[in-house]
2 protein chains.
Amino acid sequence: MTTDTYHHGDLKNALIQAGVDILARDGIGALSLRSVARKAGVSHSAPYAHFPDKQALIAAISTEGFHRLYTQLEAAAQPLASNPQKQIVACARAYLNFAVQERDIFNIMFSGVLEQEKAYPDFVEISKATSTLLADIVSECQKAGIFPNGQTDLFAVAIWGQLHGIVSLALEKQISHTVLDQYQLDDILLFALNQFALVELT
Amino acid sequence: MTTDTYHHGDLKNALIQAGVDILARDGIGALSLRSVARKAGVSHSAPYAHFPDKQALIAAISTEGFHRLYTQLEAAAQPLASNPQKQIVACARAYLNFAVQERDIFNIMFSGVLEQEKAYPDFVEISKATSTLLADIVSECQKAGIFPNGQTDLFAVAIWGQLHGIVSLALEKQISHTVLDQYQLDDILLFALNQFALVELT
DNA sequence: AAAACTATCTTGACGCTGTCAAGTTTTCTC
DNA sequence: GAGAAAACTTGACAGCGTCAAGATAGTTTT
């Protein structure tokens, strides 16, 4: 519906998509309400019909980012159903891949959107769904004897935290070259995951 | 040397300090070259005599942040020398405390300063020193039989990553209330750390 | 079908920002 | 003490987020 009518038709989503594109192409520094409006072909104030302020647009872009992350995690786990051991490893790799390939979206997703706790219910919903997806796999791993039983929530948050931390440090180039020359990021992730496991994850 | 002379005397450090104060008091959104200049009592262009651009000021503030983190980690570990088991736990808690209490500095420290790899040698130096401090304690833990021997670098980066990730998720309010109602952040940190340990860390 | 209403979008303005150019003042160097 | 260099000010510019006022398009009411 991107005709040349006065009313765009689906400007809200067009703005979110424009934001995603700008993040991917030109990085976080180029993301402004005005650049997003330009890319969507509307005036600089048009976004205010759909977002109360810039923070709300960022929340919407972050929400879209979480949808993509969720989809990629699901796509990684789906074909390995009934094999949680492989699922948890595949999800870790998918998480890393997403962060590396959609760097700026990943960064914006974890850069303070949840300050105003309940202001963005869609964001809360999909971010919870994402952590639940991981927690469910962890739970399956426990049933399969791959992780010790009990304290599922603790295991899930610890594993997600570990995964998120290693990926974040890597994106920030905080992992020294003496380590990166020896190991792939993938190795580090697996090594860390294996601290939790009763059987060896590969 | 904050007299009313034309030349400030130590404007560079005054600007960094002003930036730290603004971050602590008014948050990351209030940090601008001009606000920092105002706080230091100089004109809006004065910072350009000491920093080529805003990114350089942010790098300097981040460097100061790492110095503080390093100091607090050292202060936590120092009194427990010869007891690496307690040191690693104390450092994890100190890391968490720093992140919680100096939230915005912590965030800015891990928000892309190292993009231009070698542009900020002071930053690289202190951030390396910080990870080395943790790695040394991990190494001592191995010698003491608290962690398995070998692959010290892997253990160090995995533990730092885990610590960093859990703290980051907590700051982002990404850890669900169903978990936080049951456990303290401290418990989560300890639980995660214990996955690596051969003896129980408390 | 006309009128009233509402959502959407444009235009124009405001103060704030980062940055640069030019000029002024101080300190350093010889 | 002269000349150079460093530190700082003033003034300007474009871009930013945001708001107010107005134009335009759908939608609802009668």
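Below, read A as the first sequence line, B as the second, and so on, with proteins coming before strands; counting in each chain starts at 1. The shown structure was predicted, so the numbers you read here are calculated from the model rather than taken from an experiment. What's counted below: heavy atoms across the whole structure, side chains too, no hydrogens, waters or symmetry copies.
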What is the distance, rounded to the nearest whole Å, between atom [atom1] of [X] and atom [atom2] of [N]?
X     : N      : atom1 : atom2 : value
B:L11 : C:dT26 : CG    : C1'   : 14 Å
A:I28 : D:dC16 : CD1   : P     : 15 Å
B:L33 : C:dC16 : CG    : C1'   : 13 Å
A:R38 : D:dA14 : CZ    : C1'   : 11 Å
B:Y48 : D:dA12 : OH    : P     : 18 Å
A:L31 : D:dC16 : CG    : P     : 10 Å
A:D10 : D:dG26 : CG    : P     : 15 Å

Just to verify, what does [X] make a side chain to side chain contact (heavy atoms under 4.5 Å, CB included) with, not counting sequence neighbours?
X      : answer
A:A75  : none
B:D187 : B:Y183, B:Q184
B:S35  : B:I22, B:S32, B:R38
A:A170 : A:I175, A:L185

(message) For B:F191, give me all partners under ring pair (Phe, Tyr, Trp, His ring centres under 6.0 Å), at least two apart in sequence or on another chain.
(response)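 Scan of B:F191 (ring pair (Phe, Tyr, Trp, His ring centres under 6.0 Å), adjacent residues dropped) gives A:F155.
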(request) Keeping to residues at least two apart or across chains, list the salt bridge (charged side-chain N to carboxylate O under 4.0 Å, His left out) pairs with something in residues 12-37 of chain B. (result)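 Residue pairs with at least one partner in residues 12-37 of chain B: there are none.
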(message) Can you list, in residue-number order, the parts of residues 49-60 of chain B that come under 4.0 Å of DNA chain C, counting heavy atoms only?
(response)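 B:D53, B:K54 - these, ordered by number, are the residues of the stretch whose heavy atoms sit under 4.0 Å from the strand.
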For residues 39-56 of chain A, please give each side-chain donor-acceptor pair under 3.5 Å, one per line with the distance, not counting sequence neighbours.
from: A:D53; atom 1: OD1; to: A:Q55; atom 2: N; distance (Å): 3.3
from: A:D53; atom 1: OD1; to: A:A56; atom 2: N; distance (Å): 3.0
from: A:K54; atom 1: NZ; to: A:L31; atom 2: O; distance (Å): 3.4

(request) Evaluate the side-chain proximity of B:L57 to B:L33: yes if any heavy-atom separation is below 4.5 Å, no if none is. (result)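 Yes, close enough: below the 4.5 Å cut-off.
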Report each atom pair, protein N/O against N/O of nucleotides 3-6 of chain D, whose distance is under 3.5 angstrom.
none

Considering only nitrogen or oxygen atoms on both sides, find all protein atoms under 3.5 Å from nucleotides 11-15 of chain C and state each distance.
from: C:dT11; atom 1: O4; to: A:S45; atom 2: OG; distance (Å): 3.0
from: C:dG12; atom 1: O6; to: A:H44; atom 2: NE2; distance (Å): 2.7
from: C:dG12; atom 1: O6; to: A:S45; atom 2: OG; distance (Å): 3.3

(message) Let me spell it out: for each of B:V42 and A:A30, pick the nucleotide of DNA chain D with the closest heavy atom. Which residue's pick is nearer the 5' end?
(response)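 Nearest nucleotide further toward 5': that of B:V42.
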(request) Apply side-chain hydrogen bond (donor to acceptor under 3.5 Å, both in side chains) to A:E64 and list each qualifying residue two or more places apart in sequence or on a separate chain. (result)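 Counting only residues at least two positions away or on another chain, A:E64 forms a side-chain hydrogen bond (donor to acceptor under 3.5 Å, both in side chains) with A:R68.
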(message) Closer than 4.0 angstrom, basic N to acidic O: yes or no for A:E125 and A:K128?
(response) no
(message) Does anything in residues 56-83 of chain A form a ring-ring contact (aromatic ring centres under 6.0 Å, His included)? List the pairs, not counting sequence neighbours.
(response)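 Pairs touching residues 56-83 of chain A that pass the test: A:F66-A:F110, A:F66-A:F123.
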